Every structure is written in C-alpha cells, then in structure tokens.
Amino acid sequence: MSNHDKKVNKEHHDKAGDGSQKAHFCLTRRELLKAGTATVAVAAVSSSTMLSARELPDTPPPAMSDLKMKVNGEIRQLNVDTRTTLLDALREHLHLTGTKKGCDHGQCGACTVIVDGRRINSCLTLAVMHQDAEVTTIEGLGTPENLHPMQAAFVKHDGYQCGYCTPGQICSSVAVLKEIEMGIPSHVTLDLVSPPPLTPDEIRERMSGNICRCGAYSNILAAIEDVAGRKES
Ligand code: FES
Ligand code: FES
C-alpha cells in the first residue's frame, strides 16, 4: 500500500468513528469461516441433545383405505393411505405414469385426467374421494397403434415439444370440446343463453389451466380446432 493509500485509508476510518475500535473488530476471511463453522457445530449438537432429551409422542400408523375405481375401462382395486392423491394413486400404485406431476399444487395442469366425464387436476384431489369413479388417463384415450383423434392432431400439428405437459393438454382438450358441446359457458362466453361458440378465444380460455413452457400453444390450438372440424385437415 502506498503512503498516499495509507493516508486515505486512515482518513476514512477516522471519519467513520473510532478507527482503533474498528480495527479491533476486523476479521480475516479465514477467521470468519472458522467462526461460522463453529456456530453451526454448536447449533447441531444442542438440537440433537434437545431431540434425544425430549419425549417423542407415538406416531399413529397411516390410515389405509380400500378403494375401487374404473381406470381406463378396467376395474382396479387399491389399498391406499387416505392422504394419497389421485395423481399418486395413478402413478405410484397403478404405474400409469402418463399422467404427469408438474407442480403438485394445481397450478400447471400436467396432471389433468378425466373423472366421470369432467377434467380435473388429479394432484388436488384425494384418491379416496373417487370410490367407484370412472377415470380416464392419457393411456386410456388411445394407443400408439390406435391414436385418439386428439392425439393424432397433436402429432400432426406439432402440439408439443418436450412432451411433459402433453398428456394433460390432450386430456384437457378432449374435455374442452365436450364442455362446449354440452353448452357449458367459460369465463369469456358473452352470451350465456345460446350455446358457447367454438372460437379460438373460447379454446384459449378453456385451455389456460394447462401450462406449456415449451410454448406450443398456437400448435395446440390448431390441433384442437382441427379435431373440432373448424380447420381444413
Ligand atoms: S401437477 Fe397438478 S396442476 Fe400441476
Ligand atoms: S411440450 Fe414441453 S411443456 Fe409443453
């Protein structure tokens, strides 16, 4: 450090208050790291001591429940922890991994399945709430050899890229066309008396619960319009 730098440094310390006291609290980086490690070690020891000293209450066993559902046309019997979501029952118990878990919070739509004719987010519902329900997942819509028209349209219009949102998008699309056919209005339906029109705005609004981070939205819309018969195929 040059004499000029030392002078500037001293002036700075003196301006900030008592320069000698400040110097006393100065730590090197190495000293600071050592102090941090010691603090963590002390905290870990005291928390483990507290845990062992504490009387832990008995944890009750999970409540299990028998469950019967018709999944993709097949009766399936399950015995599940009552806290199991429908999504986990499908994926972990029935090994139908086509239904995806994107968020587990009802925010992405990747887990969309059709239950008793209505699309739902399977991550937001407990399996035990669906005794005797009819559940359709992407595996039940079509097969690689015999695609559902919506699956074929997604392929034709490039309605996906990574494919992770696609099962939810396709289940939703199938249900959306059904909803419009049944006259169920959406948030953007202006005329609540006449049947809802099959416009791009209606489809976009109804599909807005299915997120695609690959940005395939315009192609998804084209696929749905194709199936709806509004576009030349
Ligand atoms: S996983 Fe169900 S909405 Fe995202
Ligand atoms: S295709 Fe990748 S998230 Fe939709």
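Keep in mind it's a predicted model, so treat the numbers as computed, not measured. For ligands, and for the atoms within them, numbers begin at 1 and follow the listed sequence. Quick note: numbers below take in every heavy atom, side chains included, and nothing from hydrogens, waters or symmetry partners.
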Just go through Cys214, Ala216, Cys165 and tell me whose heavy atom is the nearest to atom 2 (Fe) of ligand 2. Cys214
Lys101 versus Cys111: any side-chain heavy-atom pair under 4.5 Å? no
Are Tyr164 and Ile220 linked, directly or through intermediate hydrophobic residues, by side-chain heavy-atom contacts shorter than 4.5 Å (ILVMFWY only)? no
Group every Ile, Leu, Val, Met, Phe, Trp and Tyr by side-chain heavy-atom contacts under 4.5 Å, then state whether Leu147 and Leu141 land in the same group. yes
Run the numbers for me: atoms of ligand 2, each under 4.0 Å from some heavy atom of [X], listed by number.
X      : value
Cys162 : 1 (S), 2 (Fe), 3 (S)
Gly163 : 1 (S), 2 (Fe)
Cys212 : 1 (S), 3 (S), 4 (Fe)

In terms of residue, atom name and distance, what is the protein heavy atom nearest to atom 1 (S) of ligand 2? Gln161 N, 3.1 Å
For atom 3 (S) of ligand 2, what's the nearest protein heavy-atom neighbour? Residue, atom name and distance, please. Arg213 N, 3.3 Å
Quick one: name the residues clustered hydrophobically with Leu78, using the 4.5 Å side-chain heavy-atom rule over I, L, V, M, F, W, Y, and just say none if it's on its own. Leu67, Met69, Val71, Val80, Leu86, Leu90, Leu94, Leu96, Val113, Val115, Ile120, Leu126, Val128, Met129, Val135
Hydrophobic cluster (4.5 angstrom, side-chain heavy atoms) - remaining members for Leu87: none
Reference residue His93; test side-chain contact (heavy atoms from CB on, under 4.5 Å); the match among Thr84, Asn79, Asp88: Thr84
If the condition is salt bridge (Lys or Arg N to Asp or Glu O under 4.0 Å), which residues does Arg76 pass it with, not counting sequence neighbours? none
Would you check, one step at a time, whether the test side chain to side chain donor-acceptor pair (under 3.5 Å) holds for Glu202 with Ser186? CA-CA 7 Å; Glu202 276 286 350; Ser186 80; 2.9 Å; yes
Near atom 4 (Fe) of ligand 1 (under 2.8 Å) - protein N, O or S atoms: Cys103 SG, Cys108 SG
Between Asn121 and Thr112 (side chain of the first, backbone of the second, donor and acceptor by atom type, cut-off under 3.5 Å), is there such a pair? no
